[in-house]
Amino acid sequence: MRIFNFSAGPAVLPEQVLQRAAEEMLDWHGSGMSVMEMSHRGKEFISIADKAQADLRTLLAIPDNYKVLFLQGGAMAENAFIPMNLLGSKNTADYVNTGEWSKKSIKEGKRYCTVNVAASAEDKNFSYVPPQETWKLNKDAAYVHVCTNETIGGVEYHWVPHTGDVPLVADMSSHILSRAVDVSKYGVIYGGAQKNIGPAGLTLVIVRDDLLGKALPITPSAFNWKEQAENDSMLNTPPTYSIYIAGLVFEWLLAQGGVAAMEQKNIAKAKLLYDYMDQTEFYSNPVAKQDRSRMNIPFKLKDESLDDAFLKGAQQNRMAQLKGHRSVGGMRASIYNAMPVEGVQALISYMKEFERKHG
Ligand SMILES: *Cc1c(COP(=O)(O)O)cnc(C)c1O
């Protein structure tokens with residue numbers, strides 16, 4: 001029997017996707033092989049990768065002048081490959097610091113260029129998104145980097161920054177496909193798959209084609225976006241099984257009505273949890289209301305000494321992985337696309353019961 005899994009990542013996947021993968025495990029569509037056993041250059045796998053890309057393009061309405069790359073390395077690795085691929089003849093980039101993942105991007109960026117922190121939410125313990133009026137952008141920057149959903153702090157952009165002619169680069173690891181997005185406003189969108197797409201191992205890069213060809217000579221070929229784009233992400237062996245599962249998730253999302261329908265469900269799920277927390281003193285979320293994440297909801301118990309009992313009771317009630325990130329403590333409920341509303345309702349019932357007993 002399955003549990004409600006609130007892990008921040010690797011995270012819950014749709015049950016139908018897992019069932020389908022199980023059915024197809026030994027023999028994919030009469031090929032007599034598991035997808036794991038296929039050559040990435042064979043017609044079977046090429047059809048899987050092409051369908052995954054086509055469905056992703058449909059889901060996000062990705063314009064034709066954007067390349068979709070299926071790479072390895074995760075978002076952390078891309079933090080290095082972004083400057084390597086985009087600096088060209090420039091030597092500086094702008095970053096907005098909204099929390100733990102922005103900080104990691106900044107740290108990595110500094111190894112390759114001069115980083116200008118155009119705005120930071122550190123003054124209020126990363127509990128908000130600095131409004132655009134406060135950003136000090138540099139017109140000579142090669143790009144502006146943002147993390148549009150801070151997985152640890154639970155802070156999300158609900159607006160798109162304007163960066164003029166300087167390309168906007170967004171780490172969307174933990175909320176991609178949770179909401180409609182106007183891809184044309186971004187130069188690059190990237191993320192690891194293991195939060196809201198599929199299994200670990202797959203990294204998605206969506207890049208506007210005029211930004212290709214600016215890579216520093218030291219850029220590894222397997223992470224050179226232009227070379228990968230010219231080779232349909234098959235310069236090296238791509239993470240084939242992860243691409244296959246991601247493709248099944250894309251099909252599932254289309255069957256749910258696409259990202260616009262998911263967005264409505266995600267708004268409703270997050271509202272249930274925030275509304276409950278806002279009317280009790282027992283639990284609290286530190287994020288400014290207008291910047292709260294729909295995907296990752298950190299919260300604290302009024303009395304921290306009850307944390308262990310809370311987690312233990314949750315586990316007994318078949319709810320797992322609610323412990324907050326080690327850097328912030330407390331609790332965190334990650335409620336990605338694949339978390340059914342029933343999971344959120346079960347969590348709230350448990351929280352109410354726990355409050356009644358200990359409040
Ligand atoms: C998880 C996460 C990362 C790191 O991803 P890896 O695949 O572990 O490299 C980076 N950014 C955000 C926003 C994340 O949620």
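All values below come from the heavy atoms of this structure, side chains included, with hydrogens, waters and symmetry mates left out. Start at 1 and go down the list; that is how both ligands and their atoms are numbered.
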Among non-hydrogen protein atoms, atom 8 (O) of ligand 1 lies closest to Q194 NE2, 3.6 Å
When distances are taken from atom 1 (C) of ligand 1, the protein heavy atom at minimum range is K195 NZ, 1.5 Å
In this structure, are over 12 heavy atoms from other groups packed under 6.0 Å from R318 atom CZ?
yes
Quiz item: Just distances here: any N/O of M76 and N/O of ligand 1 closer than 3.5 Å?
Solution: yes
Fill in: Cation-pi check, K352 onto Y276 ring (under 6.0 Å, within 45° of axis)
yes
shortest atom 11 (N) of ligand 1-to-protein heavy-atom contact is with D171 OD2, 2.6 Å
Within the 4.0 Å heavy-atom cut-off, what A75 brings close to ligand 1 is both
Here the gap from I106 atom CD1 to D94 atom CG, rounded to the nearest 0.5 Å, amounts to 10.5 Å
Sorted by chain and residue number, the side chain to side chain donor-acceptor pair (under 3.5 Å) partners of N79 (sequence neighbours excluded) come out as S105, Y190
I'd like to know if the side chain of D55 reaches the main chain of W252, judged simply by a donor and an acceptor atom lying under 3.5 Å from each other, with no hydrogens or angles considered.
no
Note: with side-chain heavy atoms under 4.5 Å as the link, the other cluster members for W101 come out as M76, I152, V328
Look at the rings of W135 and Y157 and say which category their plane angle falls in: under 30° parallel, 30 to 60° tilted, over 60° perpendicular.
perpendicular
A student checking ligand 1 against T151 at a 4.0 Å heavy-atom cut-off should list atoms 12 (C), 13 (C), 14 (C), 15 (O)
Ligand 1 to C147, heavy atom cutoff 4.0 Å, flagged ligand atoms 13 (C)
Open item on the list: Using a plain distance cutoff, I'd like to know if G74 has any nitrogen or oxygen under 3.5 Å from a nitrogen or oxygen of ligand 1.
Closed with: no
Taking only non-hydrogen atoms of N149 and a 4.0 Å limit, the atoms of ligand 1 in range are 13 (C)
